[in-house]
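Notes for the one structure printed next.
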Amino acid sequence: MNPNGLPGHAERIQIRTASKSDAEAITEIQSAAICEAYRDVWSVDKLASILGDARTRADCWREHLGTWGTLVAEVNGDIAGFVDFEACEDDVSPETVGEVVVLCVRPDWWGMGIGEAILRDAMARLRDSGWVEVVIWVVLENRRAVAFCKRLGFRMDESVRNFDTDGTPARRVRLRRLLEESRFRFRACRN
Ligand SMILES: CC(C)(COP(=O)(O)OP(=O)(O)OC[C@H]1O[C@@H](n2cnc3c(N)ncnc32)[C@H](O)[C@@H]1OP(=O)(O)O)[C@@H](O)C(=O)NCCC(=O)NCCS
């Protein structure tokens with residue numbers, strides 16, 4: 001156990017608010033993580049069409065970044081993962097329910113506690129800003145991510161979104177969790 005209260009490599013993680021200059025790294029990590037997570041679910045062509053043009057996606061991230069709700073996790077100065085969160089736009093109260101919109105870790109860093117560290121930090125920031133609950137939508141076929149969220153205290157509610165990816169049906173499920181003060185609150189460096 002390290003000083004952050006997390007196992008493994010987490011002692012070298014620094015979490016900070018993302019800036020516009022992180023757009024390329026975030027885009028690359030998103031591509032790599034999605035391709036790895038869904039390589040047994042969707043074809044290479046399908047993944048390429050879901051991700052779209054990387055330059056366009058980087059431009060979108062650049063436009064979006066610099067606001068409050070995106071964090072990057074750095075390990076030894078390299079960006080290893082990111083999380084993006086905001087008020088939830090579902091049929092719930094946006095004043096009290098936040099949403100983790102994207103959470104991705106570079107695949108060669110999976111299993112080292114980075115996902116947990118950055119998600120806990122995002123939840124702490126949401127809670128400190130007054131939200132009382134957080135939701136996350138995960139593709140059901142992405143079993144590792146569903147298990148990861150459940151391990152962190154999220155539970156599925158009844159909301160499901162069916163979608164079709166070129167004839168391959170898939171389901172997004174919504175998981176939610178209260179943002180109570182946690183005994184294991186992450187104490188990484190912040191800025
Ligand atoms: C889901 C995702 C963010 C998890 O990130 P991660 O950094 O691998 O997460 P963690 O390391 O904190 O935890 C993952 C696993 O590693 C294990 N782990 C954590 N630290 C560890 C260590 N030091 N040694 C061994 N295992 C460890 C955890 O027990 C956990 O196991 P489990 O998932 O089998 O239950 C990542 O897999 C990802 O980017 N997936 C693609 C994008 C995606 O699906 N996002 C959905 C949002 S949930």
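Both ligands and their constituent atoms are indexed starting at 1 by order of listing.
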| Contact atoms of ligand 1, heavy-atom distance to A145 under 4.0 Å | 44 (O), 46 (C), 48 (S)
| field | For R144, all residues meeting side chain to side chain donor-acceptor pair (under 3.5 Å), sequence neighbours excluded | value | none
| query | Taking atom CZ of R172 as the centre, does the number of heavy atoms from other residues, nucleotides or ligands within less than 6.0 Å exceed 12? | reply | no
| Under 6.0 Å between the ring centres of W131 and F85? | no
| task | With atom 16 (O) of ligand 1 as the reference point, say which of G115, C104, G111 has the nearest heavy atom. | result | G111
| task | Of the side chain and backbone of E36, name the one, both, or neither that has a heavy atom under 4.0 Å from an atom of ligand 1. | result | neither
| said: I'd like to know if R55 pairs up with D59 as an ion pair, taking the criterion as any Lys NZ or Arg NE/NH1/NH2 lying under 4.0 Å from an Asp or Glu carboxylate oxygen. | reply: no
| query | Near A37, which atoms of ligand 1 are under 4.0 Å from a heavy atom of that residue? | reply | 41 (C)
| Just which atoms of ligand 1 are under 4.0 Å from any heavy atom in C149? | 48 (S)
| Given Q30, M112, R120, R144, which one has a non-hydrogen atom that is nearest to atom 33 (O) of ligand 1? | R144
| query | Can you tell which of V135, D84, V134 makes a side chain to side chain contact (heavy atoms under 4.5 Å, CB included) with E99? | reply | V135
| remark: Between R177 and L152 the two heavy atoms that sit nearest each other are NE-O, 2.7 Å
| Does even one non-hydrogen atom of A147 get within less than 4.0 Å of ligand 1? | no
| task | Pick, from I29, L103, V83, I13, the option with the minimum heavy-atom distance to atom 45 (N) of ligand 1. | result | L103
| request: Check ligand 1 against E116 and write out every atom of the ligand that is under 4.0 Å from a heavy-atom position of the residue. | output: 12 (O)
| field | Pick from Y38, F148, W110: the one approaching atom 36 (C) of ligand 1 most closely through a non-hydrogen atom | value | W110
| Quick one: does ligand 1 sit under 4.0 Å from the side chain of L119, the backbone, both or neither, non-hydrogen atoms only? | neither
| request: Please identify which atoms of ligand 1 are closer than 4.0 Å to at least one heavy atom of A33. | output: 39 (O), 41 (C)
| With sequence neighbours excluded, residues passing ring pair (Phe, Tyr, Trp, His ring centres under 6.0 Å) with Y38 | W42
| remark: At under 4.0 Å between heavy atoms, what of V105 touches ligand 1? The answer is both
| query | Does a side-chain N-to-carboxylate-O contact under 4.0 Å join E24 and R62? | reply | yes
